[in-house]
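Read through the structure below, which is laid out as structure tokens, and then see the notes.
Values below: all heavy atoms of this structure, side chains included; hydrogens, waters and symmetry mates excluded. The shown structure was predicted, so the numbers you read here are calculated from the model rather than taken from an experiment.
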Amino acid sequence: MGKQLGRIRLLCHEELGLILAKLTDPGDRITFSQVCKEWFQLEALHRSSLRLLRHQFLRQVLPRFPNLLTFQTSEHITDPDLEFIAQTCPQLETIDLTTLGHKPFCLLGFGLVELANRCPKLSKVLLKRRRSITDHVIVSFIKFAPNLVHLDLGGCYSISDRALKAIGCCGSLSYLDLESCGFTDRGLGFLANGSCAKTLKALVLAWCKGITDVGVSRLQKMQCLEHLSLCNSSRHKITDIGGLAISAIKTLRTLNLAALAKLSNRTVAALAENCPNLEVLDVSECRLLTGAGIRAFRGHMCLKTIVLHRLHQVHASDLEHLVLGCPALKSIFVHGEESLSEILPLMQERTRRFVRMGSAFPTYSSK
């Protein structure tokens with residue numbers, strides 16, 4: 001308990017810690033830390049996350065926060081920097097190094113291995129667009145990260161089948177982003193036949209040019225996959241053969257097949273029949289699709305959002321059919337304000353309930 005000093009009651013660290021736990025707003029925590037030097041130090045000890053905006057301040061700032069659980073920066077960072085983070089914050093669970101631009105290729109990866117070795121609780125790693133990351137780094141990293149749940153390698157062009165073989169052995173992985181990576185059907189086979197096939201819930205394969213129906217068909221072995229994106233992946237190499245295989249994944253909730261030009265009504269009809277939990281479907285620019293394919297979803301009980309950008313063979317009557325037949329449907333996205341202005345009056349006149357119509361791309365997430 002706190003001590004009495006004159007008329008002022010001094011709170012002990014445990015009591016102050018309880019107060020800090022109630023302050024979720026960052027501004028309130030800053031105000032708390034400005035009361036006195038003791039409170040300033042205490043707030044730092046209880047800080048669980050940090051976003052570094054300037055690389056040059058890393059070694060000055062980080063020692064104040066030894067109990068961090070989450071570290072984030074989009075700035076230039078080196079392997080010695082990661083080693084320093086590992087030494088300073090051994091309780092780290094999440095590290096987000098996502099970069100938005102073209103940063104210098106200064107991260108070779110041995111620091112990442114040291115991070116996994118020194119931070120046993122590390123479970124979430126985001127390396128999006130850190131293009132110097134290679135297969136060798138990921139293979140070594142995986143060996144020291146037994147609790148890995150979330151791995152984002154989107155935009156790491158050098159990642160190939162060798163890295164996927166190691167990732168496939170992860171027995172706790174639930175989220176994997178491989179957007180724009182350089183693997184092939186063989187790599188997808190490693191994922192589908194590995195331990196991660198029993199745990200993976202979200203898989204992003206957008207803009208992956210090395211995969212075909214062969215690799216996509218292997219994904220049906222994944223037992224609990226809920227979110228899958230194949231947007232712009234080998235758009236002329238994935239056909240209804242792959243589409244029908246995907247429809248066998250009955251656990252799917254969100255599916256992005258945008259710009260897969262060889263998919264037809266057969267795939268959409270199979271999805272409507274075989275995927276009872278499907279909530280979000282994006283078939284934008286699948287130009288072989290017609291209204292007949294879209295109408296196959298009539299009677300589907302879970303579909304909430306469907307994205308139909310640039311589908312010129314789908315008409316207002318097809319959308320009306322969809323609205324009246326899908327009790328959970330909330331949103332339909334079509335291409336362009338002009339299309340929307342033509343369709344919306346017909347929908348409002350002919351339907352007995354309201355479904356949001358839009359022309360902008362939806363912001364659904366598979367995370």
Side-chain angles (χ1 to χ4, degrees), residues 109 125 127-128 133-143 145-146 148-263 266-267 270-271 274-275 366:
V125 177
L127 301 169
K128 188 177 286 291
I133 298 297
T134 64
D135 287 342
H136 176 73
V137 170
I138 296 303
V139 171
S140 300
F141 168 74
I142 292 295
K143 293 178 182 178
L148 191 63
V149 172
H150 183 118
L151 180 60
D152 188 342
L153 296 172
C156 297
Y157 300 148
S158 299
I159 297 301
S160 68
D161 295 338
R162 184 185 173 207
L164 267 61
K165 184 176 182 179
I167 294 170
C169 297
C170 292
S172 56
L173 196 65
S174 65
Y175 179 92
L176 178 61
D177 188 338
L178 297 170
E179 179 178 339
S180 300
C181 291
F183 58 89
T184 68
D185 292 333
R186 185 166 177 260
L188 288 185
F190 291 137
L191 296 182
N193 294 310
S195 301
C196 74
K198 300 177 182 179
T199 61
L200 204 60
K201 292 186 176 182
L203 180 60
V204 180
L205 302 175
W207 296 96
C208 294
K209 303 302 183 182
I211 59 178
T212 68
D213 283 333
V214 174
V216 171
S217 295
R218 291 169 177 163
L219 298 180
Q220 61 186 304
K221 294 181 180 180
M222 295 189 170
Q223 301 175 7
C224 57
L225 194 64
E226 296 180 1
H227 311 282
L228 175 62
S229 175
L230 287 163
C231 172
N232 280 284
S233 290
S234 300
R235 52 194 302 164
H236 295 290
K237 297 178 183 178
I238 298 175
T239 69
D240 284 330
I241 295 174
L244 293 175
I246 290 170
S247 72
I249 309 174
K250 298 183 182 298
T251 52
L252 283 177
R253 290 175 51 206
T254 67
L255 178 60
N256 190 340
L257 301 175
L260 300 186
K262 295 290 187 178
L263 295 185
R266 289 184 62 202
T267 290
L271 291 170
N274 300 327
C275 300
S366 60

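- Taking CG of Leu153 as the start and OG of Ser158 as the end, the distance is 11.0 Å to the nearest 0.5 Å.
- Side-chain contact between Leu176 and Leu191 is present, with at least one heavy-atom pair separated by less than 4.5 Å.
- The shortest distance between side-chain heavy atoms of Met222 and Leu203 falls below 4.5 Å.
- Qualifying side chain to side chain donor-acceptor pair (under 3.5 Å) partners for Arg235, counting only residues two or more places apart in sequence or in other chains: Asn232.
- Scanning both residues, Phe190 and Asp161, for their nearest heavy atoms gives CD1-O, 3.6 Å.
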- Message: With side-chain contact (heavy atoms from CB on, under 4.5 Å) as the criterion, how do Leu252 and Ile246 come out once you've worked through the C-alpha distance, each side chain's angles and the decisive distance to 0.1 Å?
- Response: CA-CA 9 Å; Leu252 283 177; Ile246 290 170; 3.8 Å; yes
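- The minimum heavy-atom distance linking Ala261 with His236 is given by the pair CB-CE1, 3.9 Å.
- For Lys143, the NZ atom is loosely surrounded, since the number of other residues' heavy atoms within 6.0 Å does not exceed 12.
- Side-chain N or O atoms of Asp152 include none that pairs as donor or acceptor with a backbone N or O of Lys128 at under 3.5 Å.
- In terms of heavy-atom proximity, Cys156 sits nearest to Leu127 at SG-O, 3.4 Å.
- Distance check, rounded to the nearest 0.5 Å: SG of Cys208 to CG of Leu178 gives 6.0 Å.
- For the side chain to side chain donor-acceptor pair (under 3.5 Å) test, residues two or more places apart in sequence or in another chain that qualify with Asp240 are Ser264, Thr267.
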- Message: Test side-chain contact (heavy atoms from CB on, under 4.5 Å) on Ile249 and Leu255; report intermediate values, then the result.
- Response: CA-CA 11 Å; Ile249 309 174; Leu255 178 60; over 6 Å; no
- Residues Arg162, His136; criterion side-chain contact (heavy atoms from CB on, under 4.5 Å); working and verdict: CA-CA 8 Å; Arg162 184 185 173 207; His136 176 73; 3.9 Å; yes
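- For residues 244-261, the pairs satisfying salt bridge (Lys or Arg N to Asp or Glu O under 4.0 Å) are Glu226-Arg253, Arg253-Glu279, with sequence neighbours left out.
- Considering CG of Asp177 and CG of Leu151, their distance stands at 8.5 Å, rounded to 0.5 Å.
- If you take CD1 on Ile211 and CG on Leu219, they are separated by 7.5 Å, rounding to the nearest 0.5 Å.
- Residues Thr251 and Leu225 come closest through the heavy atom pair OG1-O, 2.5 Å.
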- Stepwise side-chain contact (heavy atoms from CB on, under 4.5 Å) test for Leu244 and Arg266: CA-CA 8 Å; Leu244 293 175; Arg266 289 184 62 202; 3.0 Å; yes
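- Among all heavy-atom pairs drawn from Lys209 and Ser234, the shortest one is O-OG, 2.9 Å.
- Here Thr199 pairs with nothing under the side chain to side chain donor-acceptor pair (under 3.5 Å) rule; sequence neighbours left out.
- Taking the side chain as every heavy atom from C-beta outward, Leu164 and Ile159 approach each other to under 4.5 Å.
- Residue Arg186 holds its CZ atom at 9.5 Å from OG of Ser160, rounded to the nearest 0.5 Å.
- Lys221 pairs by the side chain to side chain donor-acceptor pair (under 3.5 Å) definition with Asn193, not counting sequence neighbours.
- With sequence neighbours excluded, the residues forming a side chain to side chain contact (heavy atoms under 4.5 Å, CB included) with Ala258 are Cys231, Asn256, Asp282, Ser284, listed by chain and number.
- For Cys275 against Ser247, the heavy-atom pair with the smallest separation is SG-O, 3.5 Å.
- Once rounded to the nearest 0.5 Å, the distance linking CG of Leu173 with CD1 of Ile142 reads 7.5 Å.
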